[in-house]
Amino acid sequence: MLLGRLYSTAVHPAKFQLPPTIRQLLSSKDKEIPSTSVTGWIKSIRKQKNLTFAVISDGTTAEGLQAVVLKQQGTAPDMLRRLTNGATVRLTGNLLKSPGRGQEWELVVQEGGKGAIEILGDCDIDTYPIQKKSLSTEYLRDNAYLRARTSHIAAMLRIRDKISQNLSHSFESQGFTYTHTPIITGNDCEGAGEAFRIAPLSPAVSDPPTPPLEFFSRPAYLTVSHQLHLESLSTALSRVYTLSPCFRAERSMTGRHLAEFWMLEAEWNLATRFDSVEEICAFVEGLVRSTVDVNSPDITQLWREREGGGLESDDHRTLRAAFDSAQPWRRMTYTEAIEALSAEHAKDHPFEFEPKWGDSLSSEHERWLAEVHVGGPVFVTNYPVGLKPFYMRVNEDEKTVACFDLLVPRMGEIVGGSVREERWDVLTQRMREHGLLPATEDDADAAAPGAVGSSTNDLTYKWYADLRKYGGAPHGGFGLGFERLVGWVTGIDNYDQDTAIAHRTQNLPFSFPSMSVSAGTLIWISVRPLIRLAAGVASGYIITKADIFPPVAARGAGQVALNITLPCLLFSKIITAFTPDNIKALGPLVLVAVLYEALGIFLAWIIRLLFWVPHRFRYGILVAGGWGNVGDVSTAVLLSLTGNAPFRGASDQNLAVAYISVFILVFSITLFPFGTHRLLAWDFVGPDIEPEVVQAKIKARRGRIFRFLLFKWRSEEHNPTPPLNHREIARLDEEKAAPPEQTVTSLQSSGSVHEDGTTVATNAHDTTKPPQSKESPPVKESVTSPPTTQRTFSHYRRLAITYTRAFIKGLFNPVSVTIYVSLPISLVPQLKALFVEVPGVHMPSAPDGQPPLAFIQDIATFIGAASIPIGLICLGSSLARLNVPLSQWRTLPVGAIAWMAIGKLIVIPIIGVLMCKGLVQSGLLFKDDKVLVFISMFFSCLPTATTQVYLTQIYSGTGSAEHISAFLIPQYILMFISMTALNAYAIQTIF
């Protein structure tokens, strides 16, 4: 009985058919098809009283199918409400010829019919990301999981499918075999060194293990090309091809670089030995012409939607001419191309890079040749030997190789191919020149596995040369960038719009979506680094209060941290993190740093205007507002945050410290070489003024400001302010007097550097007694009147020379010098390759296979790791030495202290977040650089730098700094709350 039931319900596999798609239904030749079911997503819907019009799409066609739903009695009341954009439905009705314009068919559905409407998946229309409106590339990149539902991406995917099918038919007609080549490989085909290295993930940590745990007992990589494996297969199958993904670790943020892309590659034994490049060119031209239908509905739709003229543009006419013309595409040699480019360059120098024989053709050169000189596709052949990889056959002139690049308008190169070098002796010699084979047989005996192409003792490529020893025949092949071909024929200029899911540097779709992070997780991510910060600060505070960490020890630790460990940390991170691609973040970072300083100074000025500030702190409050703790606090927090999800671990840590160095550099330059630290000295010029006098003045000023804001301003004659006595007026006049000429100790001479790269006197940590050395004399209490005699030109010249020397000297301290040195090294590939591996740069290795100066990088990393713990301990020690007796708090400017803490740690962070969002919208901050955006927001929430304590102690002449101490304590307490909130919000917003 059971066998009978199985037999009766089974369908022969060869006869099984899925229901027809919308594309199949629309291509039907019947007049009408009754009782037809259609499944798809609602792209648009329009509801009327008795009718509902909905366009249904299942992705198989660009047009979609219009469904007309007739309302009847007995329909479920919520059914119509659930029909929304994005909902998945199955509609059953009659497929009829449509009386409307612009459509041939429509599906008529009786709403009350049984099973006429089935909602298979509801869609929350309020949060649905793919609404019926224009969506930017960046928006679709952030919502990559749904972007295929847009008509633009869906059309592109159908074009890729059609071209792939046509390619398969064309290769099959030529006798080719489709093969599956490996993704994991031990070699770098192009020799550029831009391969992704793979290793198993350690279960204990989220970051890749260091050194990598080799799964294959030697380094393994994701392939950048399948050519070498195809050549191996062609020795057995004669003609082979593959369409497979490739991977390249090229850190470029442009729209024409993908980390994952698809390559069509083919290899075959050549039918002729001479003029073989022409055979490959002819094959490629015929293949492209036969597989692309420029008149297809999807290609037409994409060109119609393209900005810049669409179907009537010159680009589209050039494309049509390339496929409609019976004339072969143009051929020219590299030498002829250089001659044409040089002649054009000599006219009015239109090129940024001067064309020279022996140099690569830049993108502008390729586009000019295809767009202007030829006006269509062009094959450029016979490039110089030095420009092409080792496997291309050297021509008889020994200066060029038998190769070609196919250049097309708008895109430049889309195909590259060559005759492969079949001569064993010539090939092995070229491989030795490229460092891919041992120089001698003795070297071969000593060879050991190592990095791809990085050692002349490496035998990774020996098998490729041995193919020539065992029946190797003349052969050739090519590689076609599939995304480039699709972009050329569709008018899409951005490569990440030519593929289903685009992977670029700093962009990994479907990873850590913000919607999956709970509030508790965000809070914990934000609190965790502050716990480490608090532990370090508390350690310094406790050991200082216990007299275990005396001032002399703190002074020595500060010297070590700022002169040794912090420069080492910056050096190790900057060299690794900065590249020519992300160095453009330097300008935005400087802008943000300066804006935050200006915003803080403005806030302090407003507070000084409205609240009582002690006379000995009237300029110090401006410094307290403008210069925050950009050193130990920011480095400690950001190293912890960027080392874990949602950031990318070690790479983002390096980048974060490199970006922090910019803020430290701006801090050091604006505070010292520009002389703003002298504001602290001005606080102690002349006699002090009693708080009551200053309070009376502030009260009068505040009254005038409030009356002005309330539009009740009255002249002083009708509403006079209570007059001050003559002594108070004299004292207020003294406050306005210019600072007297006096010698101020240069902070850049024989001093120590604090946590932000600033330099302070060697006894700055000792708050028990004022400095009395010759280098730092106490400031006199008397005020000398400005000289009345006219000063000579020589006086101003000496003054200018003095300030210029001080400015130049202030530019050079250990931290600043480290930044000056490491930045050029990180940007020059040949210099950077001395310390770390650089893709595309081959550098002789040390005996351990590492770059020759990698040991310096290791030493800097080792020493720099101590920077943060030492800096936090010193910060805790500084806070422990702040001396504000409880009895004095009632006499302190509580209003100014409170508003300074609120302003720096609540108001400025709010303004900073809004400002950063505006900079992102304007393009000044790069949205894809999440570390850049996060750090720009983070630096809005920093308390006043403790450097000001030491500077105030020096300039006071008494070693005291009670005013700044009172301002610091509330800020560092409030910092833990405000910084947690800011970090959580920034992570939620960015990710």
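No hydrogens, no waters, no symmetry mates; every other heavy atom, side chains included, goes into these values.
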Under 3.5 Å: donor-acceptor pair, side chain of [X], backbone of [Y]:
X    : Y    : answer
R430 : R393 : no
R410 : G487 : yes
R468 : T428 : no
E421 : F390 : no
R147 : A500 : yes
E267 : S234 : no
S360 : S362 : no
S168 : Q165 : no

### Task
Could you please spell out the steps behind the side-chain hydrogen bond (donor to acceptor under 3.5 Å, both in side chains) verdict for T400 and N395?
CA-CA 6 Å; T400 60; N395 288 326; 2.9 Å; yes
### Task
Using the side chain to side chain contact (heavy atoms under 4.5 Å, CB included) rule, take S232 and L467 through it: C-alpha gap first, then chi angles, then the decisive distance, then the call.
CA-CA 7 Å; S232 173; L467 288 175; 4.2 Å; yes
Spacing of [atom1] belonging to [X] relative to [atom2] belonging to [Y], to within rounding of 0.5 Å:
X    : Y    : atom1 : atom2 : answer
I280 : F379 : CD1   : CZ    : 10.5 Å
W357 : S342 : CH2   : OG    : 12.5 Å
F171 : Y241 : CZ    : OH    : 6.5 Å
T291 : H169 : OG1   : NE2   : 11.5 Å
E339 : M332 : CD    : CE    : 8.5 Å
W368 : E344 : CH2   : CD    : 4.5 Å

### Message
If you apply the rule side chain to side chain contact (heavy atoms under 4.5 Å, CB included), what do you find for Y383 with S418, and how did you get there?
### Response
CA-CA 10 Å; Y383 281 74; S418 73; over 6 Å; no
Check [X] against [Y] and note the closest heavy-atom contact, atom names and distance.
X    : Y    : answer
G376 : T318 : CA-CG2, 4.2 Å
S151 : E305 : OG-OE2, 4.0 Å
S313 : R306 : OG-NH1, 4.4 Å
A465 : L427 : CA-CD2, 4.0 Å
T300 : V294 : OG1-O, 4.2 Å
V288 : W329 : CG1-CH2, 3.9 Å

Checking [Y] against [X]: is there a side-chain donor and acceptor pair closer than 3.5 Å?
X    : Y    : answer
E231 : Y391 : no
D425 : Q429 : no
T181 : H229 : no
D58  : T21  : no

### Task
Might you work through the side chain to side chain contact (heavy atoms under 4.5 Å, CB included) test for K388 and D405, ending with a clear yes or no?
CA-CA 11 Å; K388 292 297 180 180; D405 285 343; 3.1 Å; yes
Salt bridge check, [Y] against [X]: does any charged N sit closer than 4.0 Å to a carboxylate O?
X    : Y    : value
E364 : R367 : no
E483 : R160 : yes
D298 : K162 : no
R317 : D314 : yes

### Task
Would you indicate whether E172, at its atom CD, is surrounded by more than 12 heavy atoms from other residues, nucleotides or ligands within a distance under 6.0 Å?
no
Check whether any side-chain heavy atom of [X] sits under 4.5 Å from a side-chain heavy atom of [Y], and report yes or no.
X    : Y    : answer
I198 : L222 : yes
P350 : H345 : yes
M431 : K462 : no
N382 : D397 : no
I22  : E63  : no
L407 : V374 : no
H152 : I492 : yes
W488 : V292 : no

#### Entry: Audit row: L406, F478, side chain to side chain contact (heavy atoms under 4.5 Å, CB included) steps and yes/no
CA-CA 10 Å; L406 174 58; F478 66 89; over 6 Å; no
### Message
Show, in sequence, the C-alpha distance, side-chain angles and deciding distance for R420 and E422, and conclude whether the salt bridge (charged side-chain N to carboxylate O under 4.0 Å, His left out) test is met.
### Response
CA-CA 6 Å; R420 312 311 188 191; E422 85 284 0; over 6 Å; no
### Task
Look at the aromatic rings of W268 and F283 and report parallel, tilted or perpendicular, splitting at 30° and 60°.
tilted
### Task
May I ask you to check whether H365 and F353 place their ring centres under 6.0 Å from each other?
no
